[in-house]
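Structure, as structure tokens:
Everything numeric in this text was worked out from a predicted model, so none of it was measured. Each chain gets a letter, A, B and so on, in the order its sequence line appears, and its residues count up from 1.
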Amino acid sequence: MQSVTITLDGRPRVVAEGTTAGEILAQDAIRAVAVRVNGTAKRDLTWSPADGDVVEVIPLASDEGRAILRHSTAHVMAQAVTDLFPAAKWASGPPIEHGFYYDFDVEHPFTPEDLQRIESRMRQIIAAKQSFARRVVSPDEAAALFADQPYKLDILARAVGGAAVTSEEAADAAPGDDEISVYDNAAGEQVAWSDLCRGPHVPSTADIPAFALMRTAAAYWRGEEHNPMLQRIYGTAWESRAALKAHLQFLAEAEARDHRRLGAELDLFSFPPEIGSGLAVWHPKGGAVRRVMEDYSRRMHEHAGYEFVVTPHLAKSTLFEISGHLQWYAEGMYPPMELDGGVRYYPKPMNCPFHILIYRSRGRSYRDLPLRLFEFGTVYRYERSGVVHGLTRARGFTQDDAHIFCTPEQLAGELTSLLAFVVQVLRDFGLTEFEAELATRPEKFVGELAQWEAAEAALRTAVEAAGVPYVVAAGEGAFYAPKVDLHVRDAIGRRWQLSTLQVDLQMPERFDMEYQSGDNTRQRPYMIHRALFGSEERFFAILLEHYAGALPPWLAPVQVRCIPIASRHGDYLRGIAARLRALGVRVEVDTSDERMQKKIRTAQRDKVPYMLIAGDQDIETGAVSFRYRTGEERRGVPIDDAIAEILHVIETRHIDAAPASSGSAEEGRGH
RNA sequence: GCCGGCGUGGCGCAAUCCGGCAGCGCAGCCGACUUGUAAUCGGCAGGUUCCCGGUUCGAAUCCGGGCGUCGGCUCCA
């Protein structure tokens with residue numbers, strides 16, 4: 001038998017010809033789920049390397065390994081569905097972040113009971129240790145095999161035709177390899193199930209250590225609204241039971257942090273149905289936080305050279321005809337109300353046209369520029385009923401909106417200082433991990449190429465200067481503007497889109513904006529759109545989820561709650577509370593007819609940063625005792641020291657109240 | 001907008017499958033207790049069972065429509 005020489009994880013290795021990757025790794029006692037060949041193609045462990053191949057191991061507990069595992073689990077699920085619902089047609093079933101799904105065309109949507117049955121059937125298939133065997137077929141063979149599977153035929157037709165294949169289909173067909181492969185699942189000789197698939201797969205269903213079916217949903221075939229709606233089942237699979245358990249705990253953690261739940265629990269805001277879907281009211285405690293956010297934001301903007309403006313909530317159709325919103329964005333707008341004999345007034349979906357009118361209210365000189373206009377502007381957008389989601393996707397919300405008008409020479413400098421400003425403000429709110437996305441010119445665009453290139457270059461300069469890691473999303477810009485979107489990671493590693501900076505190449509034209517230049521010619525200004533929080537509602541929701549409701553002391557709606565040990569200690573604490581209140585601290589004294597332990601429990605539940613407790617011992621020595629919401633406590637602190645400590649943490653915007661951790665930003669923990 | 005789930009005092013839930021007196025806990029109010037770091041005890045009050053219509057002797061429960069909400073899809077110039 002001939003031997004071949006391969007490179008295995010960087011080292012030369014001689015093996016007998018025809019030895020499978022799985023056998024080689026077994027000899028070397030290496031555990032893997034699949035291998036990568038020559039840097040790109042991924043292969044099953046049953047594949048045999050040829051002379052000269054560079055082989056790399058893909059461990060199960062890696063992003064790629066888990067994707068393969070999840071993909072295989074999706075196959076097992078589809079097999080189970082086929083067993084239980086023989087009429088089901090299968091569409092596609094790719095791995096996704098944290099799991100997988102598979103879409104089916106079935107007569108009736110799956111019920112929770114169906115899910116349980118599918119799951120038990122899957123356990124049987126896993127117990128049967130079916131092998132995943134790859135075989136290459138011709139297009140005609142494939143078409144014959146899947147003659148009764150219209151969605152597979154559709155995938156085949158596209159793969160064979162060389163048409164663009166979406167990422168979710170890429171897992172199903174094999175256009176990149178110029179060959180079409182089918183995976184047969186078999187226990188012994190009997191093939192139990194076959195699916196069109198490029199692979200790779202785990203060697204056997206027994207190599208699926210832990211999985212769970214999560215939920216059913218519906219999805220359009222190929223994600224297009226006019227296509228048939230399919231029934232989707234989401235599941236997850238992991239390299240071990242422990243990893244699955246950790247994932248389920250992560251989901252529980254996310255649920256406990258849900259801002260909609262915290263909003264109700266902490267009495268921050270609500271969505272009364274009488275007002276309408278997606279329209280929030282802020283309760284006093286939520287209002288207190290919002291006021292602090294706004295006060296802080298105003299102060300920062302004032303220092304950064306912004307001027308404050310106020311504009312109405314409505315405008316005639318004329319304004320939105322000029323801005324182009326009625327042409328491009330009408331579906332996202334609330335419908336108009338007619339008055340004055342047929343004049344149509346629209347609630348505003350954006351603030352920019354109003355700010356432009358302020359710019360245009362008189363002739364502008366280059367000496368006026370850059371002109372930075374800022375407003376907490378409330379806008380209304382008609383979001384389709386299925387997409388409304390708490391404060392993060394509302395129909396009415398307030399943007400911390402600014403528009404900067406500047407000369408072409410000022411553009412790069414403005415963007416650079418602007419992005420630094422944005423990052424600084426977000427850091428003050430305790431957000432520390434940023435990622436930017438530079439969205440560039442799409443295929444369909446307005447304006448001149450040179451302008452686009454100048455704007456994109458300026459944005460790139462700004463992101464690089466800010467030191468924020470970024471990716472270029474080529475062609476993802478709006479048709480009128482390139483932009484930079486800033487994303488943050490929260491305390492449990494989730495990514496949220498926040499701030500947006502756009503260079504508008506359209507509005508200045510539409511409104512025929514001008515300024516008188518130093519050489520006495522009329523020039524068109526550049527215009528930058530910028531929302532820092534995005535919307536106050538959304539930003540507030542992100543903060544709530546990031547902090548799991550335990551807002552830093554400077555933001556907390558109630559900063560201090562005083563708890564008397566017995567009711568006779570109430571007056572003493574009322575005196576301390578009065579001093580704190582006079583210093584601007586939001587403080588309450590719990591004089592309810594409850595035991596002290598119950599009051600602590602309540603304050604703890606309300607996530608109040610400081611509990612100030614006093615009894616006979618404290619009163620004798622003119623002291624007070626701390627309980628922090630972390631559970632730590634400190635007794636007999638002189639009143640002046642206690643007040644100083646509280647004020648210090650508030651003024652310096654430290655993240656948490658407890659002495660040990662004060663000042664340290666919360667560590668992000670990835671997932 | 002589309003598919004599916006859900007809607008019962010302020011909140012969390014039970015009774016819904018298989019129609020027959022709407023119940024529990026928390027919160028609220030009243031009273032007692034006066035306590036040193038996460039729930040004191042007793043009492044009282046609170047519901048058009050989301051809305052409209054239908055079936056039925058009888059509807060929280062079954063059927064239709066609407067609204068809201070949850071999970072997805074689509075959308076987020």
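Remark: side-chain polar atoms of K483(A) are not paired, donor with acceptor, to backbone N or O of L438(A) under 3.5 angstrom. With K599(A) contributing its side chain and S592(A) its backbone, the two residues share a donor-acceptor pair below 3.5 Å.
Taking 4.0 angstrom as the limit, K598(A) places none of its side-chain polar atoms (N or O) nearer than this to OP1 or OP2 of C41(B). Taking only side-chain nitrogens and oxygens, R260(A) comes nearer than 4.0 Å to OP1 or OP2 of C70(B). Close to U69(B), at under 4.0 Å from its OP1 or OP2, lies a side-chain N or O of S277(A). Considering only side-chain N and O atoms, H226(A) lies nowhere under 4.0 angstrom from the phosphate OP1 or OP2 of C2(B). Residue R595(A) has a polar side-chain atom (N or O) positioned under 4.0 Å from OP1 or OP2 of U40(B). For U35(B), one of the phosphate oxygens OP1 or OP2 lies less than 4.0 angstrom from a side-chain nitrogen or oxygen of R568(A). Between S567(A) and the phosphate of U34(B), there is no side-chain N or O to OP1/OP2 separation shorter than 4.0 Å. Distances shorter than 4.0 Å separate none of the side-chain N or O atoms of Y382(A) from OP1 or OP2 on A77(B).
Counting non-hydrogen atoms under 4.0 angstrom, E594(A) reaches a base of the nucleic acid. Among the heavy atoms of the strands, none lies under 4.0 Å from R605(A). Among the atoms of the strands shown, base atoms are found under 4.0 Å from some heavy atom of Q604(A). Contacts of Y480(A) with the nucleic acid, taken as non-hydrogen atoms under 4.0 Å apart, include base atoms. Among the heavy atoms of the strands, none lies under 4.0 Å from T216(A). The residue M350(A) sits close to a base: some heavy atom pair falls under 4.0 Å. Base contact: A218(A) has a heavy atom under 4.0 Å from a base atom. Using a 4.0 Å heavy-atom distance criterion, Y329(A) is classed as a base contact. Residue E383(A) is out of contact with every strand shown, counting any heavy-atom pair closer than 4.0 Å.
For the C1' atom pair drawn from U48(B) and G43(B), the interatomic distance equals 28 Å after rounding to whole Å. Only the C1' atoms considered, G4(B) is 29 Å distant from A22(B), to the nearest whole Å. When the P atom is compared between U49(B) and C11(B), the two are found 16 Å apart, to the nearest whole Å. Look at the C1' atom in both U34(B) and C51(B): the space between them is 50 Å, to the nearest Å. The gap from the C1' atom of G72(B) to that of A27(B) amounts to 34 Å, rounded to the nearest Å. A distance of about 13 Å separates the P atoms of G23(B) and A60(B), rounded to the whole Å. C30(B) and G46(B) have their C1' atoms separated by 14 Å, with the value rounded to a whole Å. When the P atom is used for both G28(B) and G36(B), the distance is 23 Å, rounded to whole Å.
The cationic group of K348(A) lies under 6.0 Å from the six-membered ring centre of F354(A) and within 45° of the ring axis, placing it in a cation-pi geometry.
A 3.5 Å limit on both hydrogen-bonding distances identifies no Watson-Crick or G-U partner for G9(B). Nucleotide C17(B): unpaired (no Watson-Crick or G-U wobble partner with both distances less than 3.5 Å). Applying the Watson-Crick and G-U wobble criteria (two distances, each under 3.5 Å), U48(B) pairs with nothing in any strand. Taking a pair to require two hydrogen-bonding distances under 3.5 Å in either a Watson-Crick or a G-U wobble arrangement, G31(B) pairs with C41(B).
When rounded to the nearest whole Å, the span between CG of L230(A) and P of G71(B) equals 22 Å. Between L573(A) atom CG and U37(B) atom P there is a gap of 16 Å when expressed in whole angstrom units. Rounded to whole angstrom, the span from the OH atom of Y628(A) across to the P atom of U37(B) amounts to 17 Å. Between Y234(A) atom OH and G71(B) atom C1' the separation is 9 Å, expressed in whole Å. The interatomic distance linking E632(A) (CD) with A38(B) (P) rounds to 14 Å, in whole Å. When the C1' atom of A39(B) is taken as reference, atom CG of D606(A) falls 14 Å away, rounded to whole Å. Rounding to whole angstrom units, CD of residue Q399(A) and C1' of C76(B) are separated by 13 Å. Straight-line distance from the CE atom of M229(A) to the P atom of G71(B): 16 Å, rounded to whole Å.
Smallest separation of non-hydrogen atoms from P347(A) and Y334(A): CG-CB, 3.7 Å.
Here the nucleotide nearest the side chain of A217(A), chosen from G72(B), U37(B), A77(B), is G72(B). Residue I600(A) has its side chain nearest to A38(B) when only U35(B), C73(B), A38(B) are considered. Among U37(B), G1(B), C3(B), the nucleotide with an atom closest to any side-chain atom of M596(A) is U37(B). The S385(A) side chain lies nearest to G1(B) when the options are G72(B), A32(B), G1(B). Considering only side-chain atoms of R384(A), the nucleotide from U37(B), A77(B), U74(B) that sits closest is U74(B). Distances were taken from every side-chain heavy atom of R215(A) (C-beta onward) to each of U35(B), G1(B), G71(B); the shortest belongs to G71(B). Out of C75(B), C73(B), U40(B), the shortest distance to the side chain of Y220(A) is found at C73(B).
Mapped onto RNA chain B by nearest heavy atom, P109(A) and S625(A) fall at different nucleotides, with P109(A) at the one closer to the 5' end. Each of E225(A) and A478(A) was matched to the nucleotide of RNA chain B holding its nearest heavy atom; the match closer to the 5' end belongs to E225(A).
Around the NE2 atom of H226(A), the shell of radius 6.0 Å holds more than 12 heavy atoms that belong to other residues, nucleotides or ligands. Counted within 6.0 Å of CD on E224(A), heavy atoms from surrounding residues, nucleotides or ligands total more than 12; the atom is thus considered enclosed.
M527(A) pairs with exactly one of I404(A), V503(A), I356(A), L505(A) by the side-chain contact (heavy atoms from CB on, under 4.5 Å) rule, that one being I356(A). If you run side-chain contact (heavy atoms from CB on, under 4.5 Å) between M77(A) and each of F211(A), F104(A), Y234(A), only F104(A) comes through. Each of R561(A), R601(A), R629(A) was evaluated against D606(A); a single residue qualifies, R561(A), per the side chain to side chain donor-acceptor pair (under 3.5 Å) test.
Using a 3.5 Å distance cut-off with no hydrogens or angles, the side chains of S625(A) and D618(A) do pair a donor with an acceptor.
Between the side chain of R261(A) and the base of C11(B) there is no donor-acceptor pair of N/O atoms closer than 3.5 Å. Side-chain to base pairing of D616(A) with G36(B): no donor and acceptor N or O lie closer than 3.5 Å to each other.
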